[in-house]
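As the structure is a prediction and not an experimental result, all values here were calculated from the model.
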Amino acid sequence: SAVAVDPRSATARFNLGVVLKDRGDVDGARREWEAATTLIDPSSATDRFNLGVILKDRGDLDGAQREWQAATALDPADPRPLLQLGTLAATRGDLATAEGYYRSTVAADPATPLAWFNLGRIYERTERPEQALAAYRRFLAFDGLDGEYGAFVATAREREASLAPRGAPR
């Protein structure tokens, strides 16, 4: 189906790139994302977040981090850049920083399932099983996770079973 896109909107070009990538057109996605980078409004938290995603796709993790930090400074209530910053910190092995970003994510929006799952992983890796169990249970309490988060659901259920005291209700 045809998609009408304002060629002067960084957000529209970014979103079209996402659609193209989801359809398997990686080259088309990258063309749209490249166009989006020329239209970025530095005072827009959404544009800065999207630029971070583009930079991450290019392998520029430091650039992505800078853009997500800028997006957070512009809109501290947006959980998306906080979640991405947490994931980046965890990938780099900085679990304390990752935990801080994930906690900030759920403070900004408690309805961010992946932040709860990631907190469970951090708590488990830092030997806090009770907190891990609570975070996994928060994650599993969300409705409709099986689609987008299917693989995470299986892992969270496995970890919940492993962490729950024997005979305790689940």
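- The CG atom of L145 sits 7.0 Å away from atom CG of L140, with the distance rounded to the nearest 0.5 Å.
- Nearest heavy-atom pair, A71 versus A45, reported as atom, atom and distance to 0.1 Å: CB-O, 3.5 Å.
- Counting heavy atoms from C-beta on, the side chains of L61 and R92 come closer than 4.5 Å.
- Side-chain contact between P165 and L133: present, with at least one pair of heavy atoms (C-beta onward) separated by less than 4.5 Å.
- Here the CG atom belonging to L16 is positioned 9.0 Å from the CG atom belonging to D25, to the nearest 0.5 angstrom.
- Using a 4.5 Å cut-off between side-chain heavy atoms of Ile, Leu, Val, Met, Phe, Trp and Tyr, with links allowed through other members, W116 and V153 fall into the same hydrophobic cluster.
- Nearest heavy-atom pair, A29 versus G17, reported as atom, atom and distance to 0.1 Å: CB-O, 3.1 Å.
- Taking both residues in full, the closest heavy atoms of T112 and P79 are given as OG1-CB, 3.9 Å, listed atom of the first, atom of the second, then distance.
- Counting heavy atoms from C-beta outward, Y149 and F142 have side chains that stay 4.5 Å or more apart.
- Here the side chain of S162 pairs no donor or acceptor atom with the backbone of E158 at under 3.5 angstrom.
- Taking the side chain as every heavy atom from C-beta outward, F139 and L119 never approach each other to under 4.5 Å.
- Placement of Y101 and L114 in two distinct hydrophobic clusters is found when ILVMFWY residues are connected by side-chain heavy-atom separations under 4.5 Å, directly or transitively.
- Contact check on R103 versus E99 returns a salt bridge, with a Lys/Arg side-chain nitrogen under 4.0 Å from an Asp/Glu carboxylate oxygen.
- Without hydrogens or angle criteria, T155 side chain to F152 main chain gives no donor-acceptor distance under 3.5 Å.
- The distance from atom CD1 of I54 to atom CG of D60, rounded to the nearest 0.5 Å, is 11.5 Å.
- One finds the CD atom of E32 at 6.0 Å from the CG atom of L20 (value rounded to the nearest 0.5 Å).
- No side-chain donor-acceptor contact under 3.5 Å links W68 to the backbone of L83.
- Taking each heavy atom of R13 and P7 in turn, the nearest pair found is NH1-O, 3.3 Å.
- In this structure, R159 forms no cation-pi arrangement with Y136, as its terminal cationic atom is not both closer than 6.0 Å to the ring centre and no more than 45° off the ring axis.
- Across every non-hydrogen atom of L74 and S44, the tightest pair is CD1-C, 3.9 Å.
- For A89 against T97, the heavy-atom pair with the smallest separation is CB-CG2, 3.9 Å.
- In summary, D78 and R80 engage in a salt bridge, as defined by a charged side-chain N under 4.0 Å from a carboxylate O.
- Under a 3.5 Å cut-off, the side chain of Y102 and the backbone N or O of G86 do form a donor-acceptor pair.
- A heavy-atom distance below 4.5 Å is found between the side chains of I122 and R128.
- Between D75 and R48 there is no salt bridge, since no side-chain nitrogen of the basic residue lies less than 4.0 Å from a carboxylate oxygen of the acidic one.
- Between R8 and D41 no salt bridge is recorded (no basic side-chain N to carboxylate O distance below 4.0 Å).
- Environment of CZ in R58: crowded, with over 12 heavy atoms of neighbouring residues, nucleotides or ligands closer than 6.0 Å.
- Classified by interplanar angle (parallel below 30°, tilted 30° to 60°, perpendicular above 60°), the ring pair F14/W33 is parallel.
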Do D47 and T11 pass the side-chain hydrogen bond (donor to acceptor under 3.5 Å, both in side chains) test, and can you show the C-alpha distance, the side-chain angles, and the key distance before you say yes or no? CA-CA 6 Å; D47 283 3; T11 301; 3.1 Å; yes

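- Within the 4.5 Å cutoff, side-chain heavy atoms of D57 are placed close to those of K21.
- The structure places CG of L39 at 12.0 Å from CG of N50, a figure rounded to the nearest 0.5 Å.
- Tracing side-chain contacts under 4.5 Å through hydrophobic residues (I, L, V, M, F, W, Y), one reaches V18 starting from V53; they form part of the same cluster.
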